[in-house]
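Notes for the one structure printed next.
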2 protein chains.
Amino acid sequence: MTQTLHRADIDAMPSRYRAQFINSLSGFKSANLIGTADADGSTNLAMLSSVVHLGANPPLFAHVTRPTTVARHSLDNLQATGVYTYNHVSPKMLPAAHQAAAKYPRDVSEFDAVGLTASYVDKFAAPFVAESELSIGMRLVEVLPIKHNGTLLVIGEIAWVRCPQKVIEADGYVDIAELDAVAISGLDSYHPVLSGTRYGYPEPD
Amino acid sequence: MTQTLHRADIDAMPSRYRAQFINSLSGFKSANLIGTADADGSTNLAMLSSVVHLGANPPLFAHVTRPTTVARHSLDNLQATGVYTYNHVSPKMLPAAHQAAAKYPRDVSEFDAVGLTASYVDKFAAPFVAESELSIGMRLVEVLPIKHNGTLLVIGEIAWVRCPQKVIEADGYVDIAELDAVAISGLDSYHPVLSGTRYGYPEPD
């Protein structure tokens, strides 16, 4: 049976129940690990389900973060060094990737704690995850405050992309389903994704 | 073979190739139709792959739009009425949902053009898609300009949620895989998603 929950019903939910509920509603989310290092080169890794495409020219992505949670270490690092990486999560990287979302002390590298490998492209200061099949080097552009709830939109430009050549199709599309990338729903559910159907550019007729 | 593409390689790509490539990199994206109406009640429908969770209390989502493209009609409408809906896309709604992304003239309702049904919750001015299993009524909070590329972040609060009662689990998680929601990659690829594995709240030990 389909029901309609109104705002008063949502506001009356217990806090954790509401967090699970609201986090499920937007649809499937990307699963990325964000890799950073501080000015001394100490590394940090955290889960992100909010990476969003802003534009292709210049190539811009953004993600949402809170100023005061576990993601604070990543935020401090990317503001200190100006760089970070996004790394796709595949099924074989679970549950290690999810475990990187735990609240480790600042002096613990999640790479070591969860058993993933920090690697580097040239002299780029932020580590990528060696186990990821697709990693993106990002340069910070702007941290945009979202006044209504105190979150931050972290906007960056692509510096480099590392992925297997064979999954880039003739028209530039990257078949991430063939890379075994997973999708997230809610706060903690990781889903295998099947091959897609491409529909092409839609015309009004 | 894994390759590293640097920014100069990306900037040298032909425009359409680069758009396909960059749009593929962020990982899987949610598939939502945005439903709006103008001040006279004429309806509009458009595809969105950029809906992102901003917070659960208050319940806030955002999506990215361009001021001058096909999505302009949706933007004009939600700014005029202050409301809009997000509607999950299931396999049986394809290719109609993708076709809603075509550049129809302003006086054509994409609901009619692609064969989906506009329906309403109470006196809420924006239509939802009757064929969707999960629809969300949104009230506009802010349209935040992203200076670096001229896109806009449309931020809204949830007014109501319409979904089958049976997919809401005991802890509030909504099993959207059971609703047959699809995931998007790139500009035009739609993917079935399998049941997920839940890992729970991660602790540092």
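Numbers restart at 1 for each chain; the letters A, B, ... are given by sequence-line order, proteins then strands. For clarity, every value in this text was computed on a predicted model and none was experimentally measured.
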Would you call [X] and [Y] a side-chain contact if the rule is heavy atoms closer than 4.5 Å?
X	Y	answer
B:His53	A:Asn23	yes
A:Pro58	B:His148	yes
B:Ile158	A:Leu25	yes
A:Thr2	B:Gln165	no
B:His6	A:Val121	yes

Against chain B, label [X] side chain, backbone, both or neither, depending on which of its atoms sit under 4.5 Å from a heavy atom there.
X	answer
A:Val182	backbone
A:Phe61	side chain
A:Arg16	backbone

Let me know if [X] has heavy atoms under 4.5 Å from chain A in its side chain, its backbone, both or neither.
X	result
B:Glu142	side chain
B:Ala8	neither
B:Leu144	side chain
B:Asp122	side chain
B:Glu169	backbone

Exercise. Is B:Arg7 salt-bridged to A:Glu157, cutoff N-O under 4.0 Å?
Worked result: yes

Exercise. Do you know which of A:Ala31, A:Pro14, A:Ala159, A:Ala19 has the most heavy-atom pairs under 4.5 Å to chain B?
Worked result: A:Ala159

Problem set entry | Under 3.5 Å side-chain donor-acceptor pair for B:Tyr173 and A:Ser185 | yes

For this session: Working to the nearest 0.5 Å, report the span between OG1 of A:Thr151 and CG of B:Leu54.
Result: 5.0 Å

